[in-house]
Engineer: 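The structure's right below; bear with me while I get my questions together.
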Amino acid sequence: MDLYWLPLGAGGVRLVRWNGRLYEAIVAHREHREALDLYHSALQVQLGGDSYVIEMAPVWRTEEPDRGVVTEGPVGLPWLSRSRLFRYEVRRWRNGIIPDLAEAVASPRRLSTDTERARRVLDLVPDFPTVTWGRDELRVGDMWNSNSLISWLLALSSHLVDAIDLPPHGRAPGWTAGIALAARQGQTTTTHTRARALRARDTIMSAPFRDVAG
């Protein structure tokens, strides 16, 4: 499983790149730091002789008819999603491509060679929460975007996301949002598992005593 870092606005989409730079300049000014280069992430997973590209991107960006789209969500404001200009799609593209791969920086990053983790990542893709791109509707402290998809998948499949480095002088907005939600969901799962174990224990302890010897 390989991770790719792609400059925001790669592929010649000037509007995306300009908006990204403006956004980063405003955030950097507010946080009293220098502006950094912004990156978008994508995964390539090899499993069973096939290669899968996992990526979240605007619906209008690629016209390939069979690109493994598993779900869609709104961009900016939920009601704007009536237009395809304001919708994103989540892809699990079998034998697909990363359109801007030639512009990737410090990539690929080999994350794992474990088959079970790879399968877990692929299975999780359709379950990604399709909340609004660019907002924090889940109250996790960071905007929801394409980086949230990748970090969420990696965190839930037991990859060490905190050990993944960005390219020098780079930043990936949304990355911590995916990690935060995965941690929240992991805690919920642990709580439910513990509750089931306690209920099972109580059931056993409250059952009538039986003499094993008959």
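For this chain, numbers begin at 1 and follow the sequence in order. In this text the structure is predicted, and so the values were computed from the model without any measurement.
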Engineer: With rounding to the nearest 0.5 angstrom, report the CG to CG distance, Leu122 to Leu124.
Structural biologist: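 Result: 9.0 Å between the selected atoms.
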
Engineer: What do the steps show when you test Arg184 against Leu181 for side chain to side chain contact (heavy atoms under 4.5 Å, CB included), and what is the final call?
Structural biologist: CA-CA 5 Å; Arg184 181 190 299 174; Leu181 180 62; 4.2 Å; yes

Engineer: Looking at Val45 and Ala118, what are the two nearest heavy atoms and their distance?
Structural biologist: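 The pair with the smallest heavy-atom distance is CG1-CB, 3.7 Å.
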
Engineer: Verify ring pair (Phe, Tyr, Trp, His ring centres under 6.0 Å) between Trp144 and Phe128, making sure each step is shown before the conclusion.
Structural biologist: CA-CA 11 Å; Trp144 201 245; Phe128 179 68; 5.2 Å; yes

Engineer: For Asn145 versus Trp133, what's the shortest heavy-atom pair and its separation?
Structural biologist: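 Scanning both residues completely, I find the closest heavy atoms to be CB-NE1, 3.3 Å.
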
Engineer: Tell me, with the steps shown, if Val70 and Arg91 meet side chain to side chain contact (heavy atoms under 4.5 Å, CB included).
Structural biologist: CA-CA 6 Å; Val70 298; Arg91 304 174 191 151; over 6 Å; no

Engineer: Go through the steps to decide whether Leu43 and Asp2 satisfy the test side chain to side chain contact (heavy atoms under 4.5 Å, CB included), and finish with yes or no.
Structural biologist: CA-CA 6 Å; Leu43 285 177; Asp2 292 329; over 6 Å; no

Engineer: Minimum heavy-atom separation for Ala177 and Met143, please, with both atom names.
Structural biologist: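 Smallest interatomic distance, heavy atoms only, reads CB-O, 3.4 Å.
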
Engineer: Is any side-chain heavy atom of Tyr88 less than 4.5 Å from a side-chain heavy atom of Val59?
Structural biologist: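 Of all side-chain heavy-atom pairs linking Val59 with Tyr88, none is under 4.5 Å.
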
Engineer: Are His159 and Met1 side-chain neighbours, meaning at least one heavy-atom pair lies under 4.5 Å?
Structural biologist: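 Sidechains of Met1 and His159: in contact.
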
Engineer: Side chains of Leu3 and Ser41: closer than 4.5 Å at any heavy-atom pair?
Structural biologist: yes

Engineer: Can you tell me if Asp50 has over 12 outside heavy atoms packed within less than 6.0 Å of its CG?
Structural biologist: yes

Engineer: May I ask you to say whether Glu89 pairs ionically with Arg67, meaning some side-chain N is under 4.0 Å from a carboxylate O?
Structural biologist: yes

Engineer: Would you compute the distance between atom CG of Leu154 and atom CZ of Arg120 and round it to the nearest 0.5 angstrom?
Structural biologist: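 Those atoms lie 12.0 Å apart.
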
Engineer: Would you call Thr132 and Leu77 a side-chain contact if the rule is heavy atoms closer than 4.5 Å?
Structural biologist: no

Engineer: Can you tell me how far apart CG (Leu8) and CG (Asn147) are? Round to the nearest 0.5 Å.
Structural biologist: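 Going from CG on Leu8 over to CG on Asn147, the span is 9.0 Å.
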
Engineer: With clusters defined by side-chain heavy atoms of hydrophobic residues (ILVMFWY) lying less than 4.5 Å apart, directly or transitively, does Val90 cluster with Val69?
Structural biologist: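 No.
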
Engineer: In the single-linkage hydrophobic clustering (I, L, V, M, F, W, Y; side-chain heavy atoms under 4.5 Å), do Ile164 and Met56 co-cluster?
Structural biologist: yes

Engineer: Surrounding CZ of Arg33 (heavy atoms of other residues, nucleotides or ligands, distance under 6.0 Å), is the total greater than 12?
Structural biologist: yes

Engineer: Determine whether Thr71 and Pro126 make a side-chain contact, defined as any pair of heavy atoms from C-beta on separated by less than 4.5 Å.
Structural biologist: no

Engineer: Quick one: pull up OG1 in Thr115 and CD in Gln46 and give me the separation to the nearest 0.5 Å.
Structural biologist: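 That separation rounds to 11.5 Å.
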
Engineer: If you take all heavy atoms of Arg117 and Ser112, which pair is closest and at what distance?
Structural biologist: CD-OG, 3.9 Å

Engineer: Treating Asp100 as the side-chain partner and Glu103 as the backbone partner, does any N or O pair qualify as donor plus acceptor under 3.5 Å?
Structural biologist: no

Engineer: Once you round to the nearest 0.5 Å, how far does CG of Leu101 lie from OG of Ser107?
Structural biologist: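 So the CG of Leu101 and the OG of Ser107 are separated by 8.0 Å.
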
Engineer: Could you walk me through whether Gln185 and Trp152 pass the side chain to side chain contact (heavy atoms under 4.5 Å, CB included) test, one step at a time?
Structural biologist: CA-CA 10 Å; Gln185 292 174 321; Trp152 181 81; 2.8 Å; yes

Engineer: So does Arg94 have more than 12 non-hydrogen atoms from other groups sitting under 6.0 Å from CZ?
Structural biologist: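 Not buried by this count: 12 neighbours or fewer within 6.0 Å.
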
Engineer: Grab the two heavy atoms, one from Gly174 and one from Asp142, that are nearest each other, plus how far apart they are.
Structural biologist: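 The answer is N-OD2, 2.9 Å.
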
Engineer: Could you grab the distance from atom CD of Glu72 to atom OG of Ser81, nearest 0.5 Å is fine?
Structural biologist: 9.0 Å

Engineer: Side-chain contact test, heavy atoms from C-beta onward, threshold under 4.5 Å: evaluate it for Ile150 versus Trp175 and give yes or no.
Structural biologist: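 Ile150 vs Trp175: side chains touch.
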
Engineer: So which heavy atom on Gly76 is nearest to which on Arg135, and how close?
Structural biologist: O-CD, 2.9 Å

Engineer: Is it possible for you to say whether Trp79 and Leu85 belong to one hydrophobic cluster, with membership spreading through side-chain heavy-atom contacts below 4.5 Å?
Structural biologist: yes

Engineer: Side chains of Asn95 and Ser51: donor-acceptor distance under 3.5 Å anywhere?
Structural biologist: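 Result is no, nothing qualifies.
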
Engineer: Give a yes or no on whether the backbone of Gly170 and the side-chain of Asp37 come within a donor-acceptor separation of less than 3.5 Å.
Structural biologist: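 Such a contact is absent between Asp37 side chain and Gly170 backbone.
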
Engineer: Looking at side-chain heavy atoms only, is the closest gap between Glu55 and Trp93 below 4.5 Å?
Structural biologist: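 With C-beta onward as the side chain, the pair stays apart.
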
Engineer: Any donor-acceptor pair under 3.5 Å linking the side chain of Arg109 with the backbone of Asp165?
Structural biologist: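 Between the backbone of Asp165 and the side chain of Arg109 there is a qualifying donor-acceptor contact (under 3.5 Å).
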
Engineer: In this structure, would Tyr39 and Leu36 fall into the same cluster of hydrophobic residues linked by side-chain contacts under 4.5 Å?
Structural biologist: no

Engineer: Quick check: do Val125 and Ile54 have side-chain heavy atoms less than 4.5 Å from each other?
Structural biologist: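 Of all side-chain heavy-atom pairs linking Ile54 with Val125, at least one is under 4.5 Å.
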
